[in-house]
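Notes to accompany the following structure.
One is the number of the first residue; the rest follow in order along the sequence. When a ligand or atom number is given, it counts from 1 through the structure's own listing order.
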Amino acid sequence: MPYYPPEPFRIKMIEPIQLIDKESREKALQRAGYNVFGLKAEEIYIDLLTDSGTGAMSQDQWSAIMKGDESYSGARSYHRLAEVMQKIFGFRFFVPTHQGRAAENILCAVLLKEGQQVPSNMHFDTTEGNIRARGGKPVNLVIDEAFDPDSLHPFKGNMDIGKLTRFIEETGAENIPFGMITITNNAGGGQPVSMENIQQVSETYKNHGIPFFIDACRYAENAYFIQQREPGYHDKTVLEIANQIFSLADGATMSAKKDAIVNIGGFLALNDPELIIDVKNELILREGFPTYGGLAGRDLDAMAVGLMEGLDADYLSYRIGQTAYLAEGLREVGAAIIQPPGGHAVYMNASKILPHIPQNEFPGWALAVEMYREGGIRCVELGTVAFGYQDPQTGECIYPKLELVRLALPRRVYTQSHLDYLIEVVSRIIHRRDQIQGYQFTYAPELLRHFTAKFKPVKEK
Ligand code: F0G
């Protein structure tokens, strides 16, 4: 049996969940056009669609909410958050935003001009979207190991410094308004980036006069991986490691819905005194006054408390241990997964689990549908439906390298028995895998297909 770290909390408020019967699940699937995004929350037993905004807040966060100061400007809540921001991130300025993509939008609005390019290890899709929406081009320069599901590289989120240097030389620093890195690398399986690599990325950007911004959504999980895996960091606290990470950058965007364990919130932080003026003006136009940025005062207080809780050593070892437990359990029942497991999620390798379903019949999608059909579990396909597209010139379908299904773990929400149930469901699916068939579109939008596409089984009965 893999080791399950006992939860460093006990439960004092519960939210009922229910496994509806098989027939009702089948009906729900048909109504939703075999798209789990179309299901109602009450039709789901265990929801692993995302770890974003789905965490459970603590008693201290709920108490802080009651102290929220809703003054339009200069609220106490803002100053309490500012104090925590200083302690962890240490940037000279910050503005709250309603979530991560709002911070990305403002950063692109103030820095990016049409035709410019923005490198990262891998951009998350909202970052990519915000760069493209301003006429820019996102560029992903992660190390090759990131695409090898069996590579046990401890920092598979690292940027390839050779590729980055060549990219800057070929593109010209004047065409790169800022550079980024995502910690942990969500689009690449929630894999961490090493301190050594962040240092090298920082130096490379600095040598070319390119401002360096960190996508910090899961920075605490990344800092914990550094503490556990990188020589020289074992005796440092996660907070000290976080301090060191952010001292290497010129700014950061963050969706607080991840490692700050709140249901809504984010920020944009930076050091440049000129830039913050443009940022504040853009914020006022789109989000709100700079001391609340589109959030209620109480949200700022919940974020201030959550940011510190997200760095707690007991919490992090439980959190990362829970993900590792799920990964090990899945491997034991014969499910192929991306190795090593990341921080916030386990990714199943659908082409290996359902080898008889060809890519054009969406094996990842079929597995995600089956997770719901078999066990009322919701997870998300990250394969051909999400990332495949038609080549505009040839009309040919371009397939992604991997057909994945992401099981994202909300923070402090599910227990060991929920995970054991999930592992059992996967085991049952594997036993009858030959009967599982692929899907085809009945409707597909051009972009971000997975959210709204509709499907039917390839051989409809
Ligand atoms: N950056 C990363 C690395 C993310 O994972 C996300 C969101 C964002 C930015 C955008 O933040 O949702 O607050 O606007 N990821 C979620 C997920 C949606 O399910 O992985 P947001």
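- Aromatic rings of Y325 and Y318 (six-membered ring for Trp) have centroids beyond the 6.0 Å cut-off, not under it.
- The local environment of CD in E446 is sparse, with at most 12 non-hydrogen atoms from other residues, nucleotides or ligands closer than 6.0 Å.
- When the side chain to side chain donor-acceptor pair (under 3.5 Å) test is applied to R286, the partners found at least two apart in sequence or on another chain are E282.
- For R25, the salt bridge (charged side-chain N to carboxylate O under 4.0 Å, His left out) criterion is met by no residue, not counting sequence neighbours.
- Taking a 6.0 Å sphere around OH of Y389, one finds it holds 12 or fewer heavy atoms contributed by other residues, nucleotides or ligands.
- Annotation: ligand 1 has protein neighbours T50, S52, Q99, G100, R101, E104, F124, T126, T182, N186, D215, C217, R218, S255, K257, K258, R406, each with a heavy atom less than 4.0 angstrom from the ligand.
- Applying the salt bridge (Lys or Arg N to Asp or Glu O under 4.0 Å) test to pairs two or more places apart or on separate chains, those with a residue in residues 238-260 are D259-R411.
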